[in-house]
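Worksheet: one structure, shown below.
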2 protein chains.
Amino acid sequence: MSTINQPLKLLMNLAKIQAVISRKFDGLAVHGIGFNDFLILHLLQQAPGGQLRRTELAEKIGLTASGITRLLLPMEKTGLVTRGANERDARVSYAKLTHAGKTIYEEALPSASAISEDIIPDEYLKKSPPVADLLIMLGGNIR
Amino acid sequence: MSTINQPLKLLMNLAKIQAVISRKFDGLAVHGIGFNDFLILHLLQQAPGGQLRRTELAEKIGLTASGITRLLLPMEKTGLVTRGANERDARVSYAKLTHAGKTIYEEALPSASAISEDIIPDEYLKKSPPVADLLIMLGGNIR
DNA sequence: GACATATACTTGACTTATCAATGATTATTC
DNA sequence: GAATAATCATTGATAAGTCAAGTATATGTC
């Protein structure tokens, strides 16, 4: 008889959690951006000089290089982000936060924080229960 | 100065983890199924009578109803799953595990378990560190 | 210093999922 | 019990991301 191991159980819960989360985060649409756009803005805002190589963004965000190209395209068009070149290596292209982008990020941050706290209430974190329990609980309670 | 709260940090990590996981799980493609197909088979296999209503599947898996329709379509064509009706309520339609579906599930289970253990090594679970640490660690280490 | 290999990014074709609208059935309310 | 509202599922149009192939540049080797 085949049973399910614990890691697999976790991953199955994760899948659902993530699906629900990214849909909740469409609340950011008020600011004209989606979850991944927000992530991009956040990463750039933290990066030195407000810029990162596209490959780095891909790696940090969990998308492929082509996914990044397609994600950044509209952000460049709306002027949240701009392109930069590397003097030493002509292959690389930077994504750079614009002033407009920074503004949008700062406007969206409170919404994003509120949504997050709604999904993962602070009390869960304070208790710091074992991961397994938390994820399973989330999987069961999340809407 | 705007800082990031802990829940938001977690969710940003989760997003990446999930993106990576579902790509890793395409290793199940050897069995001719994807991550969500596997999830469906798993849920049906556990359900009494090997069947579930389509809305229930949607809810459990974190997809919309239309997502389920489109996910099940090819699975019905390849005969992993079949349709059932409800005698009392003509609106509902069941997804039911076929013999072939059960076989594929059992074949895929070991692969799925192996992939999961690879992503979340057992030692992490044994230590049961606070969620935050685990997720952040994962977000940093996952490939 | 030419040739093979590797890296960074983009593009075309495709997959997967969403949303909004629709059809069909059931439940509620007056 | 007719009218209204709610629920289940599917469909057309579209968005977001993948993969494989292609272009351009860098690096390593002989």
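Letters A, B, ... mirror the listed sequences (proteins, then strands); counts begin at 1.
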query: Run the salt bridge (Lys or Arg N to Asp or Glu O under 4.0 Å) check on B:Glu76 and B:Arg70 step by step: do they pass?
result: CA-CA 10 Å; B:Glu76 286 162 1; B:Arg70 299 197 145 114; over 6 Å; no
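- The distance from atom CD of A:Glu56 to atom C1' of C:dA8 is 12 Å, rounded to the nearest whole Å.
- Evaluation of the salt bridge (charged side-chain N to carboxylate O under 4.0 Å, His left out) rule for A:Arg91 yields A:Asp89 as partners, not counting sequence neighbours.
- In this structure, B:Ile33 places its CD1 atom 13 Å from P of C:dT16, rounding to the nearest Å.
- No side-chain heavy atom of A:Arg83 sits less than 4.5 Å from a side-chain heavy atom of A:Lys96.
- Under the 4.5 Å side-chain criterion, counting only non-hydrogen atoms from C-beta, B:Leu80 is in contact with B:Ile33.
- When the local axes at the two ends of the helix from C:dG1-D:dC30 to C:dC30-D:dG1 are compared, using 5 base pairs at each end, they differ in direction by 30° after rounding to 10°.
- The nucleotide range of DNA chain D contacted by chain A, defined by atoms under 4.0 angstrom from heavy atoms of the protein and reported 5' to 3', is D:dG17 to D:dA26.
- Between A:Leu52 and A:Glu56, the closest side-chain pair of non-hydrogen atoms falls below 4.5 Å.
- Within the 4.0 angstrom heavy-atom criterion, only backbone atoms of the sugar-phosphate kind lie near A:Ser93; the bases stay farther away.
- Although no hydrogens or angles enter the test, the distance criterion places a donor-acceptor pair under 3.5 Å between the side chain of A:Thr98 and the main chain of A:Gly79.
- A heavy-atom distance below 4.5 Å is found between the side chains of B:Met12 and A:Phe38.
- Among the protein residues, A:Thr69 comes within range of the nucleic acid bases, having at least one heavy atom under 4.0 Å from a base atom.
- Going from atom CD1 of A:Ile68 over to atom CG of A:Leu57 covers 5.0 Å, rounded to the nearest 0.5 Å.
- Listed by residue number, the members of residues 77-86 of chain B with any heavy atom below 4.0 angstrom from DNA chain C form an empty set.
- In this view, B:Tyr94 satisfies the ring-ring contact (aromatic ring centres under 6.0 Å, His included) rule with no residue, not counting sequence neighbours.
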Restricting to nitrogen or oxygen on both sides, can you table the protein-nucleotides 17-19 of chain C pairs closer than 3.5 Å?
unit_1: C:dA17; atom_1: OP1; unit_2: B:Asn36; atom_2: ND2; d: 2.4
unit_1: C:dT18; atom_1: OP1; unit_2: A:Arg23; atom_2: NH2; d: 3.4
unit_1: C:dT18; atom_1: OP1; unit_2: B:Thr64; atom_2: N; d: 3.1
unit_1: C:dT18; atom_1: OP2; unit_2: B:Thr64; atom_2: N; d: 3.3
unit_1: C:dT18; atom_1: OP2; unit_2: B:Thr64; atom_2: OG1; d: 2.5
unit_1: C:dT18; atom_1: O4; unit_2: B:Arg70; atom_2: NH1; d: 2.5
unit_1: C:dC19; atom_1: N4; unit_2: B:Ser66; atom_2: OG; d: 3.2

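- Atom OH in A:Tyr94 sits about 14 Å away from atom C1' in C:dC9, given to the nearest Å.
- When the C1' atom of C:dT25 is taken as reference, atom CD of B:Glu87 falls 16 Å away, rounded to whole Å.
- Side-chain contact between B:Thr103 and B:Glu107 is present, with at least one heavy-atom pair separated by less than 4.5 Å.
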